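Contents: one structure, followed by commentary.
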Amino acid sequence: MNDVKIVIAGPRGNMGREAVKLVDRTDHFQLTAVLDSKILGQTVAEIEGLPSLEAPVYTDLEACLAEVECDVLIDLTTPEFGKKHMEIAFAHGVRPVVGTTGFSNEDVEELSRTAEQKGLGAIIAPNFAIGAVLMMKFSAMAAKYFQDVEIIEQHHDRKLDAPSGTAVKTAKMISEVREEKPQGHEDEREDLEGARGADYNGMRIHSVRLPGLVAHQEVLFGGEGQTLKIRHDSMNRASFMPGVKLAIETVLKIDQLVYGLENIME
């Protein structure tokens, strides 16, 4: 197998550092460059905490993709840059794998059209943890039998978006098998605004942000005389790397945008 040439955007972030290590230890992956908003004119080897690799560091993705070989762009930056980076990747014939959340339905539709026009594979994954994807799948299965459900997602206090992409994706998957219905008492009131969380087709989503957390989600179902809880916990960012590896290897074989890792898992 020829080496898959990879550029990583966001190498100094917690996820980015793990992704660089993943590429370094995978025989058929080759890191050709990284994109960082603050460091220019250095190599990866000069960034503290990263492997001793001579791949150059760029601050501009256009310049990067014009100067280095790249098959796959791994974007682990922020919602502010995720869509822009995907558009640039498509323009250069590069297949993006994006772990950035915060995409609207309109964004996904627009990017899907571009991927189809270009004949390029692309993957947006709200969560790369295999266990988290299974949690979402199991929740969608349970929702066929439990109509009342609430989602509690917990993340570190540096996360920018709320609710998380995983929580929104879970709610969307549940909505596909659950009829929309309001939950709670018909005369329910919030004495403190926001106490009942966000409303997604009658489901409630609650976001917790605290230092010490990584990524955690619990889906609670209630029924007559019983409850069901489905929970996933990521203790560190290494838990996401098997999913990142799967996405890289899969995106080379497809010619459309896939939203959600569950759509590439057998």
Side-chain angles (χ1 to χ4, degrees), residues 9-10 12-16 18 37 75-86 97-111 123-129 131-140 143 148-176 178 180 182-184 188-222 229-237 239-240 243-244 259-262:
R12 289 185 298 113
N14 292 320
M15 277 283 287
E18 292 297 333
S37 61
D75 187 280
L76 302 168
T77 56
T78 65
E80 178 185 359
F81 294 105
K83 181 184 177 185
K84 177 182 177 182
H85 287 170
M86 288 189 73
V97 169
V98 181
T100 304
T101 58
F103 288 93
S104 67
N105 290 335
E106 293 74 19
D107 290 336
V108 175
E109 290 172 3
E110 179 184 339
L111 292 164
I123 295 174
I124 300 174
N127 198 317
F128 279 113
V133 175
L134 292 173
M135 175 265 298
M136 290 188 276
K137 282 178 169 283
F138 296 157
S139 296
D148 292 272
V149 54
E150 303 215 0
I151 299 170
I152 302 173
E153 58 95 347
Q154 306 176 25
H155 284 80
H156 54 91
D157 61 344
R158 308 307 296 169
K159 186 171 178 60
L160 298 178
D161 56 321
S164 69
T166 299
V168 174
K169 179 66 175 177
T170 304
K172 183 177 180 180
M173 291 173 64
I174 289 173
S175 292
E176 292 173 357
R178 169 189 178 273
E180 182 174 349
Q183 296 180 175
E188 178 182 87
R189 69 177 189 275
E190 285 185 327
D191 292 332
L192 187 61
E193 185 178 357
R196 290 289 289 117
D199 187 316
Y200 189 106
N201 291 347
M203 287 178 280
R204 296 291 180 167
I205 303 177
H206 310 267
S207 296
V208 177
R209 298 290 178 266
L210 288 172
L213 295 172
V214 178
H216 318 263
Q217 181 168 296
E218 187 170 49
V219 187
L220 291 81
F221 296 90
K229 300 178 182 179
I230 302 174
R231 182 181 177 96
H232 176 262
D233 298 275
S234 281
M235 307 305 183
N236 56 52
R237 274 77 180 183
S239 65
F240 302 116
V244 172
Y259 182 74
L261 208 62
E262 72 280 358

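Given the structure is predicted, the values throughout are model-derived calculations rather than measurements.
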Gln217 side chain to Ala167 main-chain N or O, any donor-acceptor pair under 3.5 Å?
yes
Side chains of Phe128 and Leu76: does their closest heavy-atom pair fall under 4.5 Å?
yes
Would you confirm whether Arg178, through its side chain, and Asn201, through its main-chain N or O, come within 3.5 Å as a donor-acceptor pair?
yes
Nearest 0.5 Å, please: how far is CZ in Arg204 from CD1 in Ile151?
12.5 Å
Quick one: closest heavy-atom pair of Ser175 and Tyr200, and the distance?
OG-CE2, 3.3 Å
Taking atom CD of Glu18 and atom OG of Ser239, what is their separation to the nearest 0.5 Å?
9.0 Å
Shortest non-hydrogen pair, Phe103 vs Gly82, comes out as CZ-C, 3.8 Å
State the NE2-CG distance between His206 and Leu220, to the nearest 0.5 angstrom.
8.5 Å
Taking all non-hydrogen atoms of both residues into account, name the closest pair between Pro163 and Ser207 and its distance.
CA-OG, 3.3 Å
Are any side-chain N or O atoms of His216 and backbone N or O atoms of Val214, one a donor and one an acceptor, separated by less than 3.5 Å?
yes
Okay, side chain of Glu190, backbone of Ala195: is any donor-acceptor separation there less than 3.5 Å?
yes
For Glu153, run the salt bridge (Lys or Arg N to Asp or Glu O under 4.0 Å) check against Lys169, Lys159, Arg209 and tell me which one passes.
Arg209
Check whether any side-chain heavy atom of Val219 lies under 4.5 Å from a side-chain heavy atom of Val149, and answer yes or no.
yes
Taking Glu180 for its side chain and Gly202 for its backbone only, find out whether a donor-acceptor pair lies under 3.5 Å.
no
Report the distance from atom CG of Leu213 to atom CD of Gln154, rounding to the nearest 0.5 Å.
5.5 Å
Between Gln183 and Met203, is any pair of side-chain heavy atoms under 4.5 Å apart?
yes
Is any side-chain heavy atom of Phe138 closer than 4.5 Å to one of His232?
no
Would you please test Lys172 and Asn105 for side-chain contact (heavy atoms from CB on, under 4.5 Å) and show each step?
CA-CA 11 Å; Lys172 183 177 180 180; Asn105 290 335; 4.3 Å; yes
Indicate the atoms forming the closest heavy-atom contact of Pro126 with Tyr259, along with that distance.
CG-OH, 3.5 Å
State the CD1-OG distance between Ile174 and Ser139, to the nearest 0.5 angstrom.
5.0 Å
Less than 4.5 Å apart, side chain to side chain, heavy atoms only: is that true for Thr166 and His155?
no
So how far is it from Met136 CE to Met173 CE, rounded to the nearest 0.5 Å?
6.0 Å
